[in-house]
Asks: 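Provided herewith is a single structure, encoded as structure tokens, for subsequent inquiry.
Both counts, for ligands and for their atoms, begin at 1 and track the order of listing. All values below come from the heavy atoms of this structure, side chains included, with hydrogens, waters and symmetry mates left out.
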Amino acid sequence: VSSSEKKIVQFRLDEPLEGVPPPPFPLWDAHLHVWDAGAFSGFERWANRFGVKRFTAIASPDVKASLEQRGGKNRFSFALYLPIHAFADHDTDTLLSSLEIARSQSYDMVKLWFGPRFLDFTDAVKPFAISHEAFEPVFARIEEYGMPVDIHVADPDIWYRRKYVDAERYRTKLQAVDEFTVVLDRHPGLRAISVHFGSLPEPRHRALLSSLLDRYPNLHIDTASTKWVVRELGRDPLRAREFIVRYQRRILFASDLSIGRFDEEEGYYAKRYWSQRLFWETGVREVPLPFSDKDNDEGPTIINGLELSRDVLENLYWKNAGDFFES
Ligand SMILES: [Zn+2]
């Protein structure tokens, strides 16, 4: 970006689309959490302003039913959380019965969460690994049903340095990724979205992520969460851009927004969508992320845009989710 092209861009709640071009394509948000269907319309007004028209919602059966009743069934696909506590307890039967609920209620996907911090709020059976034999019947059944999984494999590198120093208790990130590949090797038919850029958006993991995508054709990744992905990919925007161009059919746009659970900060939805759209579509440099990133100990997080081409954006924003959920 030459200095003549540089202009000051920053998020403003009274002009929430400032700096963001008109959406080149409709967007499909492939990962958001809806805790309360009543809160959805407030969110959707914001989503529409940013061009987000379709939603893959992680939602309970009640929330799913009421979103469907409000019409526009074709705007949604749904994922059901398999209970985290059942993973912690190695409770195969509970996991299998949740899977039956997902199937009988026509969910499109199941969500699995393996953040190491769950060891702090459950009495997890140890040692803990995604590849543990207690989960085998569950993955086998998921594969048999042809149901895709949305899976959180690990957390930011920064957390392993700060919170998960006890590697025996929490396992390292590479162990977690390795255990996930054991599951993928056992179940070649399993279609997976590994969220948060495969938990590997940090520049030092680029080669690893690339080798995983090459090795497992059914593996996809998403672009949630905004601060983690924007911070890490933005450290080396040229290489990040190259990576995305290369794997453009395997990456789904996603926010990980949480709707109806917390009292949201002002502009919560707008700030995330603004940041991501600016990041993917423009070549801005060093624009401040408009919300706090306590994970970043090197100073405030900035947005260094990747300026993806229209074709690549169309894949990330729309086509890949369409192919994934409608195949
Ligand atoms: Zn999530």
Asks: Donor-acceptor pair, Arg285 side chain versus Gly305 backbone, under 3.5 Å?
Replies: yes
Asks: Report yes or no: does Ser292 contribute a side-chain atom to a donor-acceptor pair with the main-chain N or O of Lys294 at less than 3.5 Å?
Replies: no
Asks: Taking the six-membered ring for Trp and the single ring otherwise, decide whether the centroids of Phe128 and Phe114 are under 6.0 Å apart.
Replies: yes
Asks: Ring centroid separation for Phe135 and Phe87, is it under 6.0 angstrom?
Replies: yes
Asks: Is any protein N, O or S atom closer than 2.8 Å to the Zn ion (ligand 1), and if so, which?
Replies: His31 NE2, His33 NE2, Asp256 OD1
Asks: Do the ring centers of Phe78 and Phe55 come within less than 6.0 Å of each other?
Replies: no
Asks: Look at the side chain of Asn320 and the backbone N and O of Ile251, then say whether any donor-acceptor pair between them is shorter than 3.5 Å.
Replies: yes
